[in-house]
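Report on the structure given below.
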Amino acid sequence: MRDAYHEELDSIGDGLVEMARLVGSAIGRATTAMLDADLKLAESVIEGDKKVDELQHDLEARAIALLARQQPVATDLRIVVTSLRMSADLERSGDLAQHVAKLARLRFPDRAVPHDLHATILEMGQLAQRLMAKAAEVIITKDVDLALQLETDDDEMDLLHRTLFQHLIDDRWKHGIETAVDVTLLGRYYERFADHAVAVAKRVVFLVTGEHADNLQQDLPTEIQPVAGPEGA
């Protein structure tokens, strides 16, 4: 019985990894659909979000069943509860990728992103995908140091987001209000996606150590501590 119990705990972890990989792929494909005005690809991302939702529902059902049957304590209880929270972060990440794809579909056959912002949006999409890939690796390896580094990596997304905003408030902006709204939304989608990847990594830190990641950040070596932005963020 105990072997079956721990196999079920492991399967919950496997489900989280699959969710992370799916949403990471989704944000990459949604970005391509956005920049290339690829309607078919956008539709596939939108449809594919159902799989992420199904995985979350299945994971929740199994976690709740474990809580009811086994009444886990200590580390096992932390695994189950933290996994539920991670699944919510990952499901929301899938929704954000879907939002990007829906915007691509809404503006088809036109492109929502002006040509002079393509490089920035592409970089944000690629970074979002890398962050989620790293979050998946953290779930697999339970590597606390790697998990803590994700917040530093997220500083790059914050910088890209600020760069995007600077374009929007520039007096030379010539793409109109509708495009400004589209770009504002896109920037927010990518920023929030990155935040969810960081949140997943932080939850792994709590799962492994029982300590909140923010408390452990202060013990990091200087070279991997998060670097404050111009506003101290």
Side-chain angles (χ1 to χ4, degrees), residues 1-28 45 48-99 128-154 157 189-217 219-220:
M1 287 295 293
R2 295 300 295 178
D3 287 345
Y5 167 53
H6 285 289
E7 284 177 7
E8 189 65 18
L9 280 177
D10 290 342
S11 74
I12 289 175
D14 293 341
L16 291 170
V17 172
E18 185 176 359
M19 286 182 72
R21 288 174 172 166
L22 284 173
V23 300
S25 172
I27 196 67
V45 173
D49 189 55
K50 292 179 182 177
K51 175 64 174 176
V52 176
D53 293 342
E54 290 170 1
L55 282 169
Q56 189 203 18
H57 295 157
D58 178 63
L59 189 150
E60 284 182 340
R62 285 186 283 133
I64 291 169
L66 269 182
L67 288 170
R69 290 198 315 266
Q70 302 292 342
Q71 298 182 346
V73 295
T75 301
D76 288 350
L77 178 60
R78 198 159 68 230
I79 290 172
V80 176
V81 173
T82 303
S83 295
L84 284 169
R85 291 175 175 171
M86 284 194 283
S87 75
D89 282 312
L90 293 168
E91 189 276 333
R92 183 56 185 148
S93 299
D95 287 345
L96 291 164
Q98 186 184 57
H99 291 340
Q129 191 168 6
R130 291 198 304 272
L131 285 168
M132 192 56 73
K134 187 175 282 190
E137 184 179 353
V138 167
I139 296 171
I140 295 168
T141 64
K142 307 296 189 293
D143 186 328
V144 171
D145 290 336
L146 183 62
L148 293 173
Q149 288 176 35
L150 251 80
E151 190 158 9
T152 304
D153 297 337
D154 183 47
M157 183 67 81
Y189 296 154
Y190 288 117
E191 183 197 33
R192 290 299 299 146
F193 188 98
D195 287 344
H196 284 298
V198 172
V200 168
K202 284 185 172 183
R203 296 194 196 284
V204 173
V205 172
F206 178 71
L207 188 156
V208 172
T209 68
E211 300 260 1
H212 290 287
D214 291 341
N215 296 334
L216 296 178
Q217 291 281 1
D219 298 328
L220 281 172

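Numbering of residues begins at 1 and proceeds along the displayed sequence. Not measured: the values here are computed from a predicted model.
Separation of atoms CZ (Arg92) and CD (Gln98) is listed at 10.0 Å; rounding is to 0.5 Å. In this structure, the separation between CG on Leu84 and CD1 on Ile79 is 12.0 Å, given to the nearest 0.5 Å. The distance from atom CZ of Arg62 to atom OG of Ser87, rounded to the nearest 0.5 Å, is 10.5 Å. Here Lys202 contributes atom NZ and Leu150 contributes atom CG; the two are 10.5 Å apart, rounded to the nearest 0.5 Å. Between the CG atom in Leu55 and the CG atom in Asp14 there is a gap of 11.5 Å [rounded to 0.5 Å]. To the nearest 0.5 Å, atom CD1 of residue Ile64 and atom CZ of residue Arg69 are 12.0 Å apart.
Without hydrogens or angle criteria, Arg78 side chain to Phe206 main chain gives a donor-acceptor distance under 3.5 Å.
Taking each heavy atom of Leu59 and Ser83 in turn, the nearest pair found is CD2-O, 4.0 Å. When all heavy atoms are compared, the tightest approach of Tyr190 to Ala128 is CD2-CB, 4.3 Å. When all heavy atoms are compared, the tightest approach of Ala194 to Met157 is CB-CG, 3.8 Å. The two residues His196 and Ser93 come nearest to each other via the heavy atoms CB-OG, 3.2 Å. Across all their heavy atoms, Thr82 and Arg203 have their closest contact at CG2-O, 3.3 Å.
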Trace of the salt bridge (Lys or Arg N to Asp or Glu O under 4.0 Å) decision for Asp89 with Arg85: CA-CA 7 Å; Asp89 282 312; Arg85 291 175 175 171; over 6 Å; no
From CA spacing to verdict: side chain to side chain contact (heavy atoms under 4.5 Å, CB included), Leu90, Val200: CA-CA 8 Å; Leu90 293 168; Val200 168; 3.9 Å; yes
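Here the rule is side chain to side chain contact (heavy atoms under 4.5 Å, CB included) with Thr141, and of Ile139, Asp143, Val144 only Asp143 fits it.
Within 6.0 Å of the NZ atom in Lys50, the count of heavy atoms belonging to other residues, nucleotides or ligands does not exceed 12.
The shortest distance between side-chain heavy atoms of Val52 and Asp95 does not fall below 4.5 Å.
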Enumerate, atom names and distances included, each donor-acceptor pair closer than 3.5 Å involving a side-chain atom of residues 18-27, sequence neighbours excluded.
residue: Ser25; atom: OG; partner: Arg29; partner atom: NE; Å: 3.3

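A search for side chain to side chain contact (heavy atoms under 4.5 Å, CB included) contacts involving Asp195 returns Asp154, Glu191, Arg192, not counting sequence neighbours. Under the ring pair (Phe, Tyr, Trp, His ring centres under 6.0 Å) criterion, Tyr189 pairs with His99, sequence neighbours left out.
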